[in-house]
2 protein chains.
Amino acid sequence: MSKRPTIIDVAKAAGVSKSTVSLVLQNSSSVKEETRALVHQAIKDTRYVYNRAAANLRGAGAGLVGLIINDLRNPYYTELAVSVQMKLAERGFATSIGNSDEDPALQEQLIASMIEHGVSALMIAPAYGGDVAPFKDIQQAGIPTIQVLRSTGFDTASFPLFSMDYDAGGILATEHLLENWGNNVAFVGGIETHDITIERKSGYLRKMGEAGLDPVSFHGKANRRFGYETALKITRDRPDIKGIVTFNDLVALGMLAGFAQAGVKVGSDIGIVGFDDIEEASQCFPQLSSVRCDVKTFGQQTADVLLNWVEENKQPKAQVRYPVDLVVRASSSKT
Amino acid sequence: MSKRPTIIDVAKAAGVSKSTVSLVLQNSSSVKEETRALVHQAIKDTRYVYNRAAANLRGAGAGLVGLIINDLRNPYYTELAVSVQMKLAERGFATSIGNSDEDPALQEQLIASMIEHGVSALMIAPAYGGDVAPFKDIQQAGIPTIQVLRSTGFDTASFPLFSMDYDAGGILATEHLLENWGNNVAFVGGIETHDITIERKSGYLRKMGEAGLDPVSFHGKANRRFGYETALKITRDRPDIKGIVTFNDLVALGMLAGFAQAGVKVGSDIGIVGFDDIEEASQCFPQLSSVRCDVKTFGQQTADVLLNWVEENKQPKAQVRYPVDLVVRASSSKT
DNA sequence: CTGAAAGCGCTTACAG
DNA sequence: CTGAAAGCGCTTACAG
């Protein structure tokens, strides 16, 4: 009741030395099956709980992985965080999480905190505009770290970048709209200078260029509100635009609301394709066509890669891009 | 480069003993200002990083708080998790997170993991149907723990319950619909047997009872899909229903899509009130009336209470309910 | 206000 | 296959 039992208590109860208990705890193969059973019974009897702080101090891994996300409220990143956390748990690791809220200063603080806590590895969807200093600290601490879903133009040799083939996604969306909704196709959403916007827009720009068409874009925060406002603006100022590729589904969903408000029928008056294919895309009205970025599978596999790096010292490739595809639904199917 | 510096290295650099360094690290008031400055300089020079594992082992708090959520993908809980995590970070605590995915077995595993990691406190939005065993373990480990947003009928003396006044919310929503949309008001969503469903429905049942009306309910998972399907079903089978209180906004948002699909105009043919007032409620079309449960403020304040429990040993009250109010928007304003 | 000493609960070579 | 011993990097009384 009073004190947490230690391996010494377990050792006494099992009638072995504490080293043996430690070995059993680590699933070492050099312990007789019989002894192992004895120890496990003693663990139950004493209600022993492993003390990771002590183990960690002595050099064992902390069994904790840090996950830092630029915007955890965005369902795309929520899904990433959940799939990563659940995969880590499956492999026996706890997850320390932090939302940097797109703020490099907060991100720096989170990184420092996680280093202090001795995380075994780090996965970061970075905020833009940060300093390199915290990354230097990570490097010095020797913590395996993967950047995900957003490039910051950062050293990918030390910090591999795992992302999606956004460029291909932009091509698919643009081709589809050009074929079905004529030449006036616009790109909506995303801060113009961010690398991820450049990536998600590149396919659109290329396709428009190849077709000899002038690209039109509306840049801004990648959220519902911006989509909503831009839908109203397009209705008012650019009724000639008939096809829209959005930076992400959130923007597209906001546009759905805006066009509904304005009385424009999406799917017959105008075609829209989102980006990410979050769950809601198939559950709104009209259902939203979207570039499917299967972030759940992405999260699981990337977590596996990171853990393999930790456990087997297998350093991943400097850059990996997962494929994407286009899911066509009512928002871009002429009725 | 090779080895992480320790307080001994810092002590050498500063020309003091390691005890003094430790004292400075803990902001003890019994160190001369001059010495303190010396030590801080040495910390910078040596690029020292505090080793929490060692501190923790010696009895200091881990500086880690565990957060276990039944459904982290639900935006209401995402917002809770984010606001809690950010408040904890502000107060110098890291957050270990786990999504139990409504699975009591997973929840049990997460609790075990967090106890192992020596969390200083725990906040749990519980899954239903769990065993008491893991809670016994928490109790034995003496970890301050608050249950949030969902009651499980569990011992609130040991595990205080912080939630919202759902009952009052149900009353507000029902009164509003009864006044504006006639007597045929239904309740939609939520698993019938869950305590939280009973709480969120209680105000509706009472108001209907007082008005001498028969309640009508459609129970099921609290998600968009169920809302969508129920909207189609109501259109087909119960066109007499003119007002709807939903279990949460997700269900209401699904109904918006379903009614749009069916050609029923929400806000003129039928009135809907959601529950939670997640951000999307004000960014969909038509905008959704909702019972506002300010989960962001709730999360921040509850995190503060939990940390005060940890740091000042102030045990919170057994049960606390935050007030809610009704936000009326287009979905229930007759046009 | 600061230093010397003990000890937190583990893991890791090293013997046997 | 198992035991005795050292030590990880801190904190905490206890002297001075």
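Labels below follow one simple rule: chain letters A, B, ... track the order of the sequence lines, proteins then strands, and each chain is numbered from 1.
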S.K.: Do B/Leu307 and B/Val65 touch side chain to side chain, with heavy atoms closer than 4.5 Å?
M.R.: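 They are in side-chain contact.
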S.K.: I'd like to know whether the aromatic ring centres of B/Phe298 and B/Phe162 sit less than 6.0 Å apart in this structure.
M.R.: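 Ring centres of B/Phe162 and B/Phe298 not closer than 6.0 Å.
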S.K.: Go along nucleotides 10-16 of chain C 5' to 3' and tag each nucleotide: B for a protein heavy atom under 4.0 Å from its base, S when only backbone or sugar atoms are that close, - otherwise.
M.R.: BBB----
S.K.: Run the salt-bridge test on A/Lys296 and A/Glu79 with the 4.0 Å N-O cut-off and return the result as yes or no.
M.R.: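 So A/Lys296 does not pair with A/Glu79 through a salt bridge.
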S.K.: For a stem of at least 3 consecutive Watson-Crick or G-U pairs with distances under 3.5 Å, i pairing with j, i+1 with j-1 and so on, which stems involve DNA chain D?
M.R.: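 Stems (3+ consecutive pairs) listed as C:1-3 with D:14-16, C:5-12 with D:5-12, C:14-16 with D:1-3.
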S.K.: Got a salt bridge between A/Arg150 and A/Asp195, using NZ or NE/NH1/NH2 to carboxylate O under 4.0 Å?
M.R.: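 Looking at A/Arg150 and A/Asp195, the cut-off is not met.
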S.K.: Does C/dT2 have its OP1 or OP2 closer than 4.0 Å to a side-chain nitrogen or oxygen of B/Thr20?
M.R.: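 For B/Thr20, the contact criterion (side-chain N or O under 4.0 Å from OP1 or OP2 of C/dT2) is not met.
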S.K.: Compare every heavy atom of A/Pro5 with every heavy atom of A/Tyr48, then report the nearest pair and how far apart it is.
M.R.: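 Of all heavy-atom pairs spanning A/Tyr48 and A/Pro5, the closest is CD1-O, 3.4 Å.
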S.K.: Measure the shortest side-chain to side-chain distance between B/Pro126 and B/Gln107 over non-hydrogen atoms and say whether it is less than 4.5 angstrom.
M.R.: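 Sidechains of B/Gln107 and B/Pro126: in contact.
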S.K.: Given that B/Thr35 and B/Leu57 both sit by DNA chain C, which one's nearest nucleotide is further toward the 5' end?
M.R.: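 Checking each residue's closest nucleotide, the 5'-ward one belongs to B/Thr35.
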S.K.: Should the pair B/Glu279-A/Arg73 be classified as a salt bridge under the 4.0 Å nitrogen-to-oxygen rule?
M.R.: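 Salt bridge between B/Glu279 and A/Arg73, a charged N being under 4.0 Å from a carboxylate O: no.
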S.K.: Decide yes or no for A/Thr35 and A/Val16: does some side-chain heavy atom of the first lie under 4.5 Å from some side-chain heavy atom of the second?
M.R.: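 With C-beta onward as the side chain, the pair touches.
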